[in-house]
Structure formats: structure tokens, C-alpha cells
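Have a look at the structure below, then the notes.
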Amino acid sequence: MTGRLIVFEGVEGAGKSTQLARLRARLERAGVSCRTFREPGGTPTGDRIRAILLDPGASLDARTEALLFMASRAELVSTVIQPLLAAGTVVLLDRFFLSTYAYQVGGRGLPEADVVRANHAATGGLIPDLTVLLGFSAAAGLSRAQQRGPQDRMEQLGADFHQRVESAFSRFGRIDWQASHPEAGPIVVVDASGTADEVEERVSDAVTARIPDLGHSMTRAVA
Ligand code: Z5A
């Protein structure tokens, strides 16, 4: 038996962590073995890299930044995610390499081909079974995130940067973009506006449509 990798992506404050926790609860109620992780982080080394990346006082070249995100990813994929998938576990991941495409290619302007190649080295070619891309505006997401307290290094980057990130995520939802990026696997865009309960229903419907066996387990648990 092999597990499943389901990724949540979207702009800051779109509700990824909220919806990931809700999907995990639904899956666990259905008896599905499930683990959750976030990027950057998820391993002792990754957590140290995360502290550098989000430190508001750190000054990083864009390439250093991109490679640090990918170093955290390499450690998480090889030491945690691959063994869990091999053991049949469903892994829910808060951000994966589409974030590098959005923030470091779309936002920072790094060459896409370089990032795609380096990312392939980091993931070993692991393709998510499904990416749930929460569609939300960067401005609204940032204003949600700002209510939490002081801004981290990425949040501080300004409205233009975050607008470019939002535009990149919008492109990833397009069929032509997905056809030219087979490494991304299937991506479903879910409208993240409305209440958390409303978004949860949309996410559950999207997962059920794309991964029917997980959907049937969740439906049986509710019945
Ligand atoms: N980054 C990168 O540049 N390159 C990469 O390769 C990777 C990441 C992997 C990680 O920050 C930063 O690193 C991130 C991208 C960059 N930076 N930015 N900017 P993080 O892990 O600290 O933060 P995040 O991933 O952006 O998550 P977040 O801010 O926690 O957002 P979220 O998970 O999407 O949202 P949330 O925590 O579920 O919700 C935010 C708030 O809104 C919270 O108070 C909720 O209770 C509330 N919420 C959620 N849903 C709703 C609804 N539906 N209605 C009302 N309120 C809601």
C-alpha cells in the first residue's frame, strides 16, 4: 500500500493551516492514518532553516533564500515524507514547491528553469497526488496574517511582491500551465472566500472528486 500526498497552497493567510487541520480531522474520523507538516520546517534541520528564512533581521540573497527553502524540503521529503508514504500514510503538507515557484520565481524573479531543476533535486521527483490551491487575494490574506502580530521576513516584502505571488498562484490554476509543468501533479483551485465551514465543504468536495477512495471513507464516516 502506498500513501497519498495532499498539498495545500496559496497566498499568506488564505486559510491553508485552518483547512489542512479540518481535512485531517475528517480523515481521522474516517479512520484514515494521517500526518501533517508545514514548509519550511517539519524536521529538526528544517526548523532551524525556517528560523533563518523568517527572521525579520536576516538579509538573504534571492538564490540563497530559494536554496534554503529547497534544503528544508529535501530533508523533509527524504527523511519523513517518503517513509510515511511507503508505510501507507496520508500526508497533508502546508506548502510545497509551488510556493517556491510563486515566491522565488514569481515574486523574486529567479529564472524558472534553474528553480525547477534545483527543486527536482530537492524532491527526488516526488509528485503530489493532489494540490489544493486556495484562491484568495494577497491583500486580504496579509491583512488576516497581520492581525496575528509582528511580520516575518517574507510578510515584510511589500504589496507589489505579494501581488506578483498572487498572480503566479493564479497561473498555476490554469490548464495550460499545468500541462507544461507535469512535475506539479494535479492542482484543484478552491475558492477560499466565505466562512471556514464553507471553505471546508469545498475542500472536502474537491478531495472526494479527485481521490474517490478517500472521499468514500469520509462519506461513510459521516453516514
Ligand atoms: N515560502 C517561500 O517563499 N518559498 C517556499 O518555497 C515556501 C514558503 C515553502 C512561510 O510562512 C513563508 O515562507 C510564507 C511563504 C514563504 N510567507 N509569506 N508571506 P508561514 O509558514 O509562517 O505562513 P503561511 O504558510 O503563509 O501561513 P499562514 O500565514 O499561517 O496562512 P494560512 O495557513 O494560509 O492561513 P491560516 O493560518 O489558516 O489563517 C490565517 C488567519 O485567518 C487565522 O487567524 C485564521 O483563523 C483565519 N481564517 C482562516 N480561514 C478563515 C476564513 N474562512 N474566514 C475568516 N478567517 C479565517
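Side chains included, hydrogens not; waters and symmetry mates left out as well; all remaining heavy atoms used. Indexing begins at 1, ligand by ligand and atom by atom, following the structure's order. In what follows, residues are counted from 1 in the order of the sequence shown.
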message: Please verify the inter-ring angle class for Trp177 with Phe172; under 30° counts as parallel, over 60° as perpendicular, anything in between as tilted.
response: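 Correct class here is tilted.
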Suppose we measure from [atom] to each protein heavy atom; which comes out shortest, and what is that distance?
| atom | value |
| --- | --- |
| atom 25 (O) of ligand 1 | Arg95 NE, 2.7 Å |
| atom 38 (O) of ligand 1 | Thr18 OG1, 2.5 Å |
| atom 44 (O) of ligand 1 | Arg148 CG, 5.0 Å |
| atom 18 (N) of ligand 1 | Glu12 OE1, 2.8 Å |
| atom 33 (O) of ligand 1 | Ser17 OG, 2.5 Å |
| atom 6 (O) of ligand 1 | Thr100 OG1, 2.6 Å |
| atom 12 (C) of ligand 1 | Leu54 CD2, 3.9 Å |
| atom 16 (C) of ligand 1 | Phe69 CZ, 3.8 Å |

Q) Who pairs with Asp160 by salt bridge (charged side-chain N to carboxylate O under 4.0 Å, His left out), at least two apart in sequence or on another chain? A)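 In terms of salt bridge (charged side-chain N to carboxylate O under 4.0 Å, His left out), with neighbours along the sequence ignored, Asp160 is linked to no residue.
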Please determine whether a side-chain nitrogen of the Lys or Arg among [X] and [Y] lies less than 4.0 Å from a carboxylate oxygen of the Asp or Glu.
| X | Y | answer |
| --- | --- | --- |
| Arg117 | Glu183 | no |
| Arg202 | Asp205 | no |
| Asp213 | Arg4 | yes |

Q. When rounded to the nearest 0.5 angstrom, what is the spacing between CZ in Phe97 and NE2 in His181?
A.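 Answer for the CZ-NE2 pair, Phe97 versus His181, is 10.0 Å.
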Please classify the Val165 to ligand 1 contact at 4.0 Å (heavy-atom distances, strictly less than): side chain, backbone, both or neither.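 It is neither part, as no heavy atom is under 4.0 Å.
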Requested in this report: Using a 4.0 Å heavy-atom cut-off, say whether Gln147 meets ligand 1 through its side chain, its backbone, both or neither.
Outcome: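 The answer is neither; Gln147 stays 4.0 Å or more away.
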TODO: Under 4.0 Å from a heavy atom of Gly194: give me the atoms of ligand 1 that qualify, with their elements.
DONE: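 Per the distance check, 52 (C), 53 (N), 54 (N).
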- prompt: Hey, which atoms in ligand 1 end up nearer than 4.0 Å to a heavy atom of Arg73?
  reply: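 Checking each atom against Arg73, I get 6 (O), 9 (C).
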task: Can you run down the side-chain hydrogen bond (donor to acceptor under 3.5 Å, both in side chains) pairs that involve residues 7-17, sequence neighbours left out, and say none if there aren't any?
output: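 Counting only pairs at least two positions apart or across chains, the side-chain hydrogen bond (donor to acceptor under 3.5 Å, both in side chains) contacts touching residues 7-17 are Glu9-Ser99, Glu12-Arg148, Ser17-Asp94.
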Phe161 with Leu54, same ILVMFWY side-chain cluster at under 4.5 Å =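 Yes, because Phe161 and Leu54 connect within a single hydrophobic cluster, where side-chain heavy atoms sit under 4.5 Å apart.
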Do [X] and [Y] pair up side chain to side chain, a donor and an acceptor below 3.5 Å, judged on atom types alone?
| X | Y | result |
| --- | --- | --- |
| Thr195 | Asp197 | no |
| Thr36 | Arg24 | yes |
| Gln146 | Glu155 | no |

Any atom of ligand 1 sitting under 4.0 Å from a heavy atom of [X]?
| X | result |
| --- | --- |
| Gln19 | no |
| His162 | yes |
| Gly13 | yes |

| message | Do Ile211 and Leu130 make a side-chain contact, defined as non-hydrogen atoms from C-beta onward lying under 4.5 Å apart? | response |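 Yes; the side chains approach each other to less than 4.5 Å.
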Options Gln156, Arg50, Met154, ranked by nearest heavy atom to atom 22 (O) of ligand 1, top entry: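 The nearest heavy atom belongs to Arg50.
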**Request:** Name the option, out of Gln104, Arg144, Lys16, Arg108, that contains the heavy atom nearest to atom 27 (O) of ligand 1.
**Result:**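 Nearest heavy atom to atom 27 (O) of ligand 1 lies in Lys16.
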- request: Please indicate whether any nitrogen or oxygen in Pro40 is less than 3.5 Å from any nitrogen or oxygen in ligand 1.
  value: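 For ligand 1, there is no N or O atom that lies under 3.5 Å from one belonging to Pro40.
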- request: Give yes or no for whether the N/O distance cutoff of 3.5 Å, strictly under, is met between Phe96 and ligand 1.
  value: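 Looking only at distances, the answer is no, because the N/O contact criterion of under 3.5 Å is not met.
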